[in-house]
**Student:** 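One structure, as structure tokens, below. Some questions next.
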Amino acid sequence: MSSNKGISNNQQRVDLDDIPLSQRLTNPRFAKRRSVRSDDSSSDSDSESDSSSNEDDVPLAKRILPIKKTIKRETIKQETIKQEPSRREISKQANVKDESDSEDDVPLAMKKQLKKPKAEPMDIDKPSKKRPATSAASSPVKRDKKVKKEEDDPDLYKWWEEEQLPTEMEHDDSVKWTSLQHNGVLFPPDYVPHGVKMKYDGKPISLSPEAEEVASFFAALLETEHAANPVFQKNFFEDWKVVLKRDPKNPKITSFEKCDFRPIWEKFEKDKEAKKLLTKEQKMQIKQEREKAEEKYLYAIVDGRKEKVGNFRIEPPALFRGRGNHPKTGKLKTRVLPEQVTLNLGVDAVIPEPPKGHKWAAVVHDQTATWLATWKENVNGAIKYVFLAATSTWKGQSDMQKFEKARELKKYVKAIRDIYTRELKDKLSEVRQRATAMYLIDRLALRAGNEKGDDEADTVGCCSLRYEHIQLEPPNTLHFDFLGKDSIRYQNTVQVETQVFKNIKIFKNQVGEGHMIFDRLTPSELNKYLNSCMKGLSAKVFRTFNASITFQQQVDLLTNPNDSVPDKLLSYNRANREVAILCNHQRSASKTHDQMISRIGDRIRALKYQRMKLRKQLYALDAKMKKKPEYAEPESDLEEDWIKVHEKELVQKERERIKSRFEKQNEKLAAEKQPKLTAADLKEKLKAADELADRLKRESKLAKIEPKPSVTVEKLVAQIKKVDERIYATKNQATDKEENKEVALGTSKLNYIDPRITVAWCRKNDVPLEKVFSKTLMDKFRWAQKIPKDWTF
DNA sequence: GGGGGTACTTAGAACGTATTTC
DNA sequence: GAAATACGTTCTAAGTACCCCC
């Protein structure tokens, strides 16, 4: 069996050493097991799993669900849905029709069920205040008063204040809406040729607008890593050549190497500069024009409620920027025409006008879907959707359900862990693989790991981990090294249960290099099993659950109720960081990071220098102050050499300030047509800097500094306090930055940490929510903001 | 059971704007 | 006041999960 170089040494040691002595003694068949390649079911595990075998006959659900049977969703589901065609049937039927017969493309069954609201043209300024019609949101409410109170958005539907909150709606065929009206999608503007000629073989060439557009896509990326990527270059060039063939001038371009896109790149740089130089008014005007064009697409009316639309813009043509080693990176993503776009609208909704001379691909009325528009992208054949924004009722409810599902797991997780721990030793290899994978998903928050095609980047998750992605180090250490989602490297060394270590070793030996470790497990099977443990449970729920529970524990542990707000924020960010590390949310460290940290260090020292000077003044006014501990302490890291350099810099800066003020004065005088100041004047002014240098030199030798007459002890104490605070804040900032160097906190905050933990924490600790949630997050998590301060995940 | 399709969430990169620093 | 940097938002790629069909 082939084995990885790095592993081979370990491997030999593993063979004997990694097995606990007790097992080696009681397990005469251990050696035999390794020689069994495809079926190790007769291994030692049967003797080891004795304890579990008694329970094997008991259905799993019964074994682990003493607490609560999963949701009574069935009873909540609308009765009417039962007779309905499935989502797929609905869309299928609807899709074959073209927009011209919008009435007829609704399946008969659906038409009957729909209470037809009267057709009204889409007017986002007058959303009706009709109550929602779906069961999920149709409980009686007394919200009128509250709505009036709401100052920011009177149309905001506070679904979370309903008596009956929605339960599950994900991946079911339930009707999501009764009426749906929107204004379609916004297409990118037509291409306007710039006429700048790129060069081929050193000579300027003319291109058709279409060819120029594609060349410009590449030119725009000239200074990025994409343009340097050979795969990107190749894919771009191939697709561009196809476009060039259609060019009536038929330019002979056969070699990528001979192409010089720089003239176009330079043109874009110039445009950027010019854009920066626009006046405030010009910029404002552009903004207003853009907003006007977008206006009508911003909102949809769902069951009479105004809801914000998310990505109503059709993606403009571009070069596909695949992440990592994507085989299709650089390919041309072509312009999307209305003829490719299908709209989802209510039966009685007014169909938005397609752009002049065009038709929509279709108009459907799929009430089981939440998308407003869809089209297929040409590079990967991926389906793109227009959905409502994150602040919408649908997204908010779905978000809350996600966290509620994760909280539900809290009740089951002990039992699930007990079972998979037991099943690590199951006699069936499939079961052991499943248990081992569950262990990794639970403990390391790995993703499920669906299989991927050859036309995608080679990235993996738990179920698709291959031989080479885990190295074993006896007795129980695993070294993970693989590319996960977005080709982000997952590198982690963990000590695991001995049985997990043993299992991985066996699975690896069975498959060999290049093959999947869990060769008898797919995410689909795993999820099916998880669903039998707890309704709605899937691999990804573990990630949410572990992220949120980690955050809750960490933030509780790290927060000191007596701390200042900045300290509490530091604790908050630390807890956030723990989660980001768990989920492997990375960002590339900025190139200037080290520089930045050393600059913060300088800033701290400069503040300490300032504090030292203030203290010396304090001593001059009140000698007793020197005895007070808070003023007596010398600045610990202000070294003589540093002070000398710093003072030199201070003098230099003073000099520059004087010079620049002098120049400005002269400019002003020139403008007023008055005689300018002379070099002698400048020399005179610069004397102030020399005086400063002298003073600093003198003071450096003194233990006390005589302050200005107006200065009092109180004033100095207040100043010192201020400097102290600034030093403290700057130090915190430095710590935070250093610890945050390669960790991205945003993703976990946005997707994994239950916002209610944050809200409760802020309440409990008197920290304004705005300090931890940006405006977008505030809006997205409105639903979470009414919970009490003692709420826990 | 495996491949393809659909609908939705999650993710880092890129971009735009605000704030800080010089 | 300009340049540098930080921060927030937008964009769209890349996942998960489930369904259907053969």
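Per chain, numbering begins at 1; letters A, B, ... match sequence-line order. Quantities reported herein were computed from a predicted structural model and do not represent experimental measurements.
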**Student:** Looking at every strand, decide which applies to Gln586(A) at a 4.0 Å heavy-atom threshold: base, sugar-phosphate, or nothing.
**Tutor:** sugar-phosphate
**Student:** Select one nucleotide: of dA11(B), dG16(B), dA14(C), the one nearest the side-chain heavy atoms of Lys275(A).
**Tutor:** dG16(B)
**Student:** In whole angstrom, give the distance that lies between atom NZ of Lys540(A) and atom C1' of dT10(B).
**Tutor:** 8 Å
**Student:** Is the backbone of Lys535(A) close enough, under 3.5 Å, to the side chain of Lys405(A) for a donor and an acceptor to pair up by distance?
**Tutor:** yes
**Student:** Applying side-chain hydrogen bond (donor to acceptor under 3.5 Å, both in side chains), which residue pairs with at least one partner in residues 317-330 of chain A are found, sequence neighbours left out?
**Tutor:** Arg323(A)-Asp486(A)
**Student:** Among dT10(B), dT16(C), dC15(B), find the nucleotide with the atom closest to the side chain of Ala448(A).
**Tutor:** dT16(C)
**Student:** Counting heavy atoms from C-beta on, name the nucleotide in dA7(B), dG8(C), dG12(B) closest to the side chain of His585(A).
**Tutor:** dG12(B)
**Student:** Reckon Arg323(A) touches a base, only the sugar-phosphate, or nothing at all at heavy-atom distances under 4.0 Å?
**Tutor:** base
**Student:** If you only use heavy atoms from C-beta on, which nucleotide in dA17(C), dG15(C), dA14(B) is closest to the side chain of Ser538(A)?
**Tutor:** dA17(C)
**Student:** Considering only side-chain heavy atoms of Trp371(A), which listed nucleotide, dG12(B), dT9(C), dC8(B), is closest?
**Tutor:** dC8(B)
**Student:** Just how far, in rounded Å, is P of dG1(B) from CD of Glu451(A)?
**Tutor:** 15 Å
**Student:** Can you tell me how far P of dC7(C) sits from CD of Glu770(A), to the nearest Å?
**Tutor:** 17 Å
**Student:** With respect to the side chain of Thr747(A), which nucleotide from dA11(B), dT9(C), dT12(C) is positioned closest?
**Tutor:** dA11(B)
**Student:** If you check every side-chain atom of Ser398(A), which of dT12(C), dT9(B), dT10(B) has the closest atom?
**Tutor:** dT9(B)
**Student:** Taking CD from Glu742(A) and P from dA13(B), how many angstroms apart are they, rounded to a whole number?
**Tutor:** 12 Å
**Student:** Could you tell me whether Ala318(A) contacts a base, only the sugar-phosphate backbone, or nothing, with contacts defined as non-hydrogen atoms closer than 4.0 Å?
**Tutor:** nothing
**Student:** Between Asn450(A) and Lys384(A), which residue's closest nucleotide on DNA chain C lies nearer the 5′ terminus?
**Tutor:** Lys384(A)
**Student:** Counting heavy atoms from C-beta on, name the nucleotide in dA7(B), dC11(C), dA17(C) closest to the side chain of Tyr385(A).
**Tutor:** dA7(B)
**Student:** Hey, can you tell me if Phe480(A) and Tyr490(A) have their rings parallel, tilted or perpendicular (30° and 60° cut-offs)?
**Tutor:** perpendicular
**Student:** Using a cut-off of 4.0 Å on non-hydrogen atoms, how would the nucleic acid contact of Lys376(A) be classed: base, sugar-phosphate, or nothing?
**Tutor:** nothing
**Student:** Does the side chain of Asp458(A) reach to within under 4.5 Å of the side chain of Arg466(A), using non-hydrogen atoms?
**Tutor:** yes
**Student:** I need the NZ-P distance between Lys749(A) and dG12(B), as an integer number of Å.
**Tutor:** 15 Å
**Student:** Distance check needed: dA13(C) C1' versus Ile383(A) CD1, whole Å only.
**Tutor:** 15 Å
**Student:** Nearest nucleotide by nearest heavy atom, which residue falls closer to the 5' end of DNA chain C, Gly461(A) or Asn311(A)?
**Tutor:** Asn311(A)
**Student:** Let me spell it out: for each of Thr544(A) and Arg587(A), pick the nucleotide of DNA chain B with the closest heavy atom. Which residue's pick is nearer the 5' end?
**Tutor:** Thr544(A)
**Student:** Report which part of the nucleic acid Phe387(A) touches: base, sugar-phosphate, or nothing (heavy-atom distance under 4.0 Å, all strands).
**Tutor:** base
**Student:** Can you tell me how far P of dG8(C) sits from CG of Asp779(A), to the nearest Å?
**Tutor:** 14 Å
**Student:** Using a distance-only test with no angle check, is there a side-chain donor-acceptor pair under 3.5 angstrom linking Glu289(A) and Gln285(A)?
**Tutor:** yes
**Student:** Counting any heavy atom closer than 4.0 Å, what does Thr459(A) reach on the DNA or RNA strands: base, sugar-phosphate only, or nothing?
**Tutor:** sugar-phosphate
**Student:** Calculate the interatomic distance between Asp754(A) atom CG and dT9(B) atom P; express it in whole Å.
**Tutor:** 16 Å
**Student:** Verify the ring-centre separation between Tyr299(A) and Phe312(A): is it less than 6.0 angstrom?
**Tutor:** no
**Student:** Name the closest nucleotide to the Thr776(A) side chain, picking from dT6(B), dT9(C), dA17(C).
**Tutor:** dT9(C)
**Student:** Looking at the rings of Tyr752(A) and His585(A), which for Trp means the six-membered one, are their centres under 6.0 Å apart?
**Tutor:** yes
**Student:** Within the structure shown, what part of the strands sits under 4.0 Å from Gly381(A) by heavy-atom distance: base, sugar-phosphate, or nothing?
**Tutor:** nothing
**Student:** Under 3.5 Å, is there any donor-acceptor pair linking the side chain of Lys395(A) to the base of dT9(B)?
**Tutor:** no
